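Each remark here refers to the structure printed beneath this line.
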2 protein chains.
Amino acid sequence: MVSIVDVAKAAGVSNKTVSRVVNGEPNVKPATKTKVEQVIRELGYVPNMAARSVRSSRSYTFGIITDFISTTPYSGDIVRGIQDWAEQNRLTVLLANTNDDRDKEREIWRTFQSHRIEGVLYVSMYHREISPSPGAVSIPTVLVNCHPEPSNGYPSIEPDDYQGSRDLTRHVLEHGHRKIGYLRLNPRLLGAEMRLEAFRDTVREAGLSEADIDIRLGMEGPIGAETNLVFEETRKMLSGPDRPTALMCGNDEIALQAYLAALGLGLRIPEDISIVGFDDFRTVSLALKPELTTAALPYYELGYRGAERLTKLIEGQDVPSDRLALPCPVIARGSCTQEPG
Amino acid sequence: MVSIVDVAKAAGVSNKTVSRVVNGEPNVKPATKTKVEQVIRELGYVPNMAARSVRSSRSYTFGIITDFISTTPYSGDIVRGIQDWAEQNRLTVLLANTNDDRDKEREIWRTFQSHRIEGVLYVSMYHREISPSPGAVSIPTVLVNCHPEPSNGYPSIEPDDYQGSRDLTRHVLEHGHRKIGYLRLNPRLLGAEMRLEAFRDTVREAGLSEADIDIRLGMEGPIGAETNLVFEETRKMLSGPDRPTALMCGNDEIALQAYLAALGLGLRIPEDISIVGFDDFRTVSLALKPELTTAALPYYELGYRGAERLTKLIEGQDVPSDRLALPCPVIARGSCTQEPG
DNA sequence: TTGTATGCGTTATCAC
DNA sequence: GTGATAACGCATACAA
């Protein structure tokens with residue numbers, strides 16, 4: 001492998017001069033610079049990051065720790081956001097996965113330390129509370145799509161489930177709906193509480209009473225092995241004579257099942273019943289007919305801005321607030337329209 | 001940061017001895033070893049990979065190049081497979097994303113070279129033909145979920161779309177169906193051809209005639225911005241008096257829309273019409289009621305075994321065949337049952 | 001504007 | 001079994 005000395009020899013200059021050219025430092029005569037650049041191209045010289053890192057004790061590398069990837073589709077977008085930011089700032093990204101295993105996690109922190117990682121993005125694949133177990137030497141860390149237990153104060157960045165659900169509820173109300181059904185997410189998910197809470201608060205503000213809303217549990221049980229009540233609950237809810245004109249779902253997967261149940265009952269969407277979801281799982285939300293009105297989880301932004309926060313943290317700039325919430329914008333599509341009555 | 005010399009001093013031995021202990025080399029007296037290990041723990045010493053890499057010119061690092069993550073849900077499982085293999089073999093994984101941009105890709109190869117990566121997994125997010133543009137110095141590379149243009153012979157590993165579709169078709173035939181509809185994937189996808197081909201071959205072998213099958217285009221146009229014909233085509237196909245008793249779909253997303261269309265027509269699944277998909281996008285296949293019979297894309301295995309192949313390649317072992325196809329197992333669930341007639 | 005000497009943390013060599 | 005010393009490729013300090 002060709003080194004800086006090889007280039008220096010071939011160009012008839014010292015290695016320091018080559019170093020200057022490579023790193024864009026000043027005080028190099030244009031002619032020398034051109035010559036060196038030419039030799040670099042001819043020899044196919046690529047700087048050795050490891051050597052650079054040893055000497056300068058900077059690795060220009062971020063680490064990503066994920067818990068499990070596959071539970072949520074599109075959560076890979078978080079990683080993509082991080083990568084884009086990294087690329088724009090000439091950073092490299094190391095990736096590791098814990099599979100939710102504490103021993104593995106400890107091992108990963110060690111590996112990251114051995115690579116002298118400058119910072120870590122701790123990425124959860126669903127929104128939740130978390131307690132990372134870093135090694136003895138602490139590396140600057142930002143939590144993405146999760147937040148720390150109150151005791152240990154990592155900075156974090158997460159979706160604003162409350163705002164998303166509130167805006168979605170308003171969207172439904174603005175379309176004239178006054179009888180609204182609600183299918184709850186698995187209560188074990190952090191988002192479940194916040195979304196339901198926002199729904200309750202918002203319909204109350206709009207003057208609806210308990211009799212106007214019909215809240216039912218859609219899923220329950222351990223994550224990844226939950227009991228699914230959506231289909232039956234939807235059928236029950238929509239079979240009665242006094243059925244709601246709009247149905248809000250804890251997420252898009254629940255919305256999908258609500259579609260199937262409604263259709264099976266001979267109901268048309270949105271003519272007979274408006275339906276909205278949450279998350280914007282595009283394989284679902286765009287495949288449904290009519291396409292699903294929902295609130296988008298800002299996965300990409302979570303990653304991108306999480307990486308941005310981490311950089312600020314490393315550089316010692318003050319990080320504005322410990323927990324940062326990113327908006328979940330309402331994506332209005334065809335499944336929620338004006339209440340017919 | 002504590003270095004090997006600090007440990008050596010504290011333990012009253014030479015740095016070489018510490019090195020021996022750290023790397024599990026022989027010729028160290030047990031007592032010495034214990035002593036050194038204790039000091040390492042006390043001081044919290046973690047070896048510096050960069051320095052190790054400089055000296056030994058081995059990086060113990062793999063690179064992953066992906067094209068775009070978000071188009072296909074669960075494709076992150078490929079990455080997870082790679083990570084698991086890497087972890088088991090004490091390898092670190094660098095991640096980079098091209099966004100399908102050639103310049104960016106070139107940049108990534110350079111970055112990987114500068115890190116003296118030992119091998120690259122080139123991962124496509126949908127099954128296709130590809131031509132990577134490596135740097136001047138070639139790094140051992142394995143293509144995952146794609147294969148090279150015939151001209152350049154990278155080893156590759158991909159799903160066996162043909163086998164999957166064939167077995168799925170047989171599954172349908174075994175349930176007595178003799179009139180079968182088929183909704184095609186976007187022809188621009190590599191899988192589209194192979195799945196359709198397998199379907200055709202298999203029904204022909206079973207003695208069905210052209211009149212017994214009804215093949216229609218479900219999607220067309222550029223990837224990511226396709227025109228969606230599924231809903232209408234399904235309605236047309238299922239509205240006629242002579243409708244098929246089973247409907248095979250190019251993938252699960254198409255199957256989802258077929259469900260909606262069938263249900264909208266007042267048909268029951270599977271009593272009136274059996275439906276099967278392809279891919280096993282679990283957000284769809286498990287959310288549908290009844291759950292979807294489909295063929296699973298072996299994402300995780302693609303990654304895991306791709307990494308395995310890459311290691312063999314690096315170690316100079318002979319890689320059995322240039323293109324390796326992994327089976328797509330049929331996942332029988334409730335959406336395809338015995339033909340009622 | 002350019003070059004020399006030194007050191008980063010590790011492994012390799014070879015001597016003891 | 002163990003240790004001194006060189007060497008890896010680069011950046012830093014300082015000299016010229």
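Model, not experiment: these values are computed from the prediction. Just so it is clear: chains get the letters A, B, ... in the order the sequence lines come, proteins before strands, and each one is counted from 1.
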> Want to settle it: does B:Val28 or B:Val54 sit nearer the 5' end of DNA chain D, counting the closest nucleotide to each?
Replying inline: B:Val28
>> If you go through the side-chain atoms of A:Arg52, does one of them form a donor-acceptor pair with the base of D:dA11 closer than 3.5 Å?
In response: no
> Distance-only, no hydrogens or angles: does the B:Ser131 side chain make a donor-acceptor pair with backbone N or O of B:Glu149 under 3.5 Å?
Replying inline: no
>> Under 4.0 Å, counting only non-hydrogen atoms across every strand here, what does A:Thr32 touch: a base, just sugar-phosphate, or nothing?
In response: sugar-phosphate
> Going by an N to O cut-off under 4.0 Å, is there a salt bridge joining B:Lys104 and B:Glu107?
Replying inline: no
> Does A:Arg90 CZ have over 12 foreign heavy atoms under 6.0 Å away?
Replying inline: no
> So, is B:Thr17 near the phosphate of D:dG1, with a side-chain N or O under 4.0 Å from OP1 or OP2?
Replying inline: no
> Which part of the nucleic acid does A:Asn48 contact within heavy-atom distance under 4.0 Å: base, sugar-phosphate only, or nothing?
Replying inline: sugar-phosphate
>> By the 4.0 Å heavy-atom rule, please label A:Pro47 as base, sugar-phosphate, or nothing.
In response: sugar-phosphate
> Separation of A:Asp6 atom CG from D:dC8 atom P, in whole Å?
Replying inline: 10 Å
> Does B:Ser19 put a side-chain nitrogen or oxygen below 4.0 Å from OP1 or OP2 of C:dT11?
Replying inline: yes
> Which heavy atom in B:Val2 sits nearest to a heavy atom in B:Leu43, and how many Å separate them?
Replying inline: CG1-O, 3.4 Å
>> Heavy-atom nearest nucleotide on DNA chain D for A:Arg20 versus A:Ser3: which residue maps closer to 5'?
In response: A:Ser3
> Is any side-chain nitrogen or oxygen of A:Asn15 closer than 4.0 Å to OP1 or OP2 of D:dC10?
Replying inline: no
>> So, OP1 or OP2 of C:dT10: does either fall under 4.0 Å of a side-chain N or O from B:Tyr60?
In response: no
>> Taking any heavy-atom pair under 4.0 Å as a contact, classify A:Lys29: base, sugar-phosphate, or nothing.
In response: sugar-phosphate
